[in-house]
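What follows is a short report on a single structure.
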Amino acid sequence: MVDMIKELREKTGAGVMECRRALIESKGDFSKAVQIIKEKGLEIALKKSSRQVRDGQVEAYVHLGGKLGVLVEINCETDFVARNELFKKLCRDIAMQIAAANPAYIKADDVPEEVIDKERESLKEGLKGKCGQDFDKAWESHFARFKQSSCLLEQLFIRDEKVTVGDYVNSIIAQFGENIQIRRFVRYQLGE
């Protein structure tokens, strides 16, 4: 069981006791234990989301010989967390994600109504003349793809494409036990 706890801890970043409890609850099923830890991390993140974040870090990332740069502000509740190496790694990872995936928004709620309307109209035009297409079903699928490409927290994480950026941030929130928010970012590319 000690080896499984160690492996679970490495995979999820959760504490030793949390890994032990998850393995006991899942009766030794490793994948169920991972799911349990993920769900508990989401619960913790939801509970913490209303708490104010007044500390944090601005991370700068420059890539491709100075042709691409990112500034991102990530906030947390305390300077203790802001100075922690795991938080700094999160900031670097998020800056690299923005550089690589070029999101337009942080979360789906940030997408303006006029952009959603434009996407809806674009889909309607694309479906004209195609028989048997259920617009509502097509829209649901189209908008899900749009969010995954345009919203940072919905994107697949570049370092582990089994999780989204939002899942990654929530796992860090669960480890620290305090609220963490990506406040804003800007991405500069030479010539754009």
Side-chain angles (χ1 to χ4, degrees), residues 38-39 41-64 66-77 87 89-174 178-192:
K38 230 183 233 187
E39 288 168 4
L42 284 175
E43 287 174 22
I44 291 169
L46 284 173
K47 287 178 188 173
K48 307 287 181 185
S49 67
S50 64
R51 291 168 45 178
Q52 282 196 325
V53 288
R54 294 190 175 155
D55 220 305
Q57 180 172 324
V58 173
E59 180 70 26
Y61 175 77
V62 179
H63 188 66
L64 296 175
K67 296 185 191 278
L68 175 73
V70 171
L71 283 175
V72 62
E73 177 184 350
I74 302 178
N75 299 121
C76 57
E77 294 177 38
F87 182 79
K89 180 183 181 309
L90 168 73
C91 294
R92 285 189 300 271
D93 288 344
I94 297 299
M96 287 195 312
Q97 175 79 28
I98 294 165
N102 194 15
Y105 311 100
I106 295 173
K107 56 188 181 297
D109 294 343
D110 297 340
V111 181
E113 277 300 316
E114 52 271 9
V115 172
I116 294 171
D117 292 341
K118 187 177 176 183
E119 285 295 316
R120 186 176 275 124
E121 288 303 314
S122 168
L123 179 63
K124 280 182 184 174
E125 287 296 315
L127 290 178
K128 272 188 181 172
K130 294 185 179 177
C131 298
Q133 285 285 344
D134 178 16
F135 180 76
D136 291 334
K137 198 178 240 184
W139 169 246
E140 194 176 299
S141 173
H142 177 82
F143 193 60
R145 284 191 307 273
F146 173 81
K147 287 189 300 186
Q148 190 173 21
S149 67
S150 300
C151 302
L152 177 63
L153 294 176
E154 303 278 336
Q155 292 179 333
L156 294 177
F157 183 43
I158 58 172
R159 293 196 178 273
D160 180 3
E161 293 195 350
K162 294 178 189 133
V163 298
T164 65
V165 174
D167 292 337
Y168 173 55
V169 172
N170 286 338
S171 74
I172 303 299
I173 290 170
E178 72 174 55
N179 193 11
I180 295 172
Q181 293 180 1
I182 301 169
R183 178 77 48 148
R184 57 188 166 169
F185 68 87
V186 65
R187 183 181 185 272
Y188 295 102
Q189 188 158 357
L190 197 64
E192 279 188 7

Side chain proximity check, Tyr168 to Leu90, heavy atoms < 4.5 angstrom: yes
Please check this pair: side chain of Asp55 against backbone of Glu77, looking for a donor-acceptor N/O pair closer than 3.5 Å.
no
inquiry  = Do Asp167 and Phe157 have side chains that approach each other closer than 4.5 Å (heavy atoms only, starting at C-beta)?
reply    = no
Here the pair of heavy atoms bringing Pro112 nearest to Tyr105 is CD-CE2, 3.5 Å
> Taking Glu154 for the side chain and Lys147 for the main chain, is one N or O donor matched with an acceptor at less than 3.5 Å?
Replying inline: no
Between the CD1 atom in Ile94 and the NZ atom in Lys89, the distance rounded to the nearest 0.5 Å is 9.5 Å
To the nearest 0.5 Å, atom CG of Asn75 lies from atom SG of Cys91 at 9.0 Å
Rounded to the nearest 0.5 Å, the CD1 atom of Ile74 sits from the CD atom of Gln181 at a distance of 11.0 Å
- Query: Do the side chain of Glu59 and the main chain of Val72 share a donor and acceptor less than 3.5 angstrom apart?
  - Reply: no
**Asked** Within the side chain of Ser141, is there an N or O that forms a donor-acceptor pair under 3.5 Å with the backbone of Ala138?
**Response** no
Q. Near Arg120 CZ, under 6.0 Å, is it more than 12 heavy atoms from other residues, nucleotides or ligands?
A. yes
Distance col, row Asn102:CG vs Ser150:OG, nearest 0.5 angstrom, shows 9.0 Å
Check for a donor-acceptor pair, side chain of Gln189 on one end and backbone N or O of Ala99 on the other, with a separation under 3.5 Å. no
One should read off an interatomic distance between Ile98 CD1 and Ile182 CD1, to the nearest 0.5 angstrom, of 6.5 Å
| query | Checking Gln97 side chain against Ile158 main chain: does a donor-acceptor pair fall under 3.5 Å? | reply | yes
**Prompt:** Would one find more than 12 heavy atoms of other residues, nucleotides or ligands at under 6.0 Å from atom NZ of Lys118?
**Reply:** no
Between Glu73 and the options Arg183, Gln57, Arg184, the side-chain hydrogen bond (donor to acceptor under 3.5 Å, both in side chains) test singles out Arg184
Review point. Is Leu153 close to Thr164 at the side-chain level, that is, under 4.5 Å between some pair of heavy atoms?
Key: no
- Message: Looking at Glu140, I'd like to know if its CD atom is crowded, meaning that more than 12 non-hydrogen atoms belonging to other residues, nucleotides or ligands lie closer than 6.0 Å.
- Response: no
Check your understanding: With a 4.5 Å limit on heavy-atom distance, are the side chains of Trp139 and Ile116 in contact?
Key -> yes
- Message: Closer than 3.5 angstrom, by distance alone: can the side chain of Ser149 be matched with the main-chain N or O of Phe146 as a donor-acceptor pair?
- Response: yes
Check whether Arg187 reaches the backbone of Val70 with its side chain - one donor and one acceptor, N or O, closer than 3.5 Å.
no
Tightest non-hydrogen contact, residues Gln148 and Gln155, listed as O-CG, 3.0 Å
Report task. Answer yes or no: is there a side-chain heavy-atom contact under 4.5 Å between Asp93 and Met96? Result -> yes
Tightest non-hydrogen contact, residues Ala95 and Tyr61, listed as CB-CB, 3.7 Å
>> With heavy-atom distances below 4.5 Å as the criterion, would you say the side chains of Val111 and Cys151 are in contact?
In response: yes
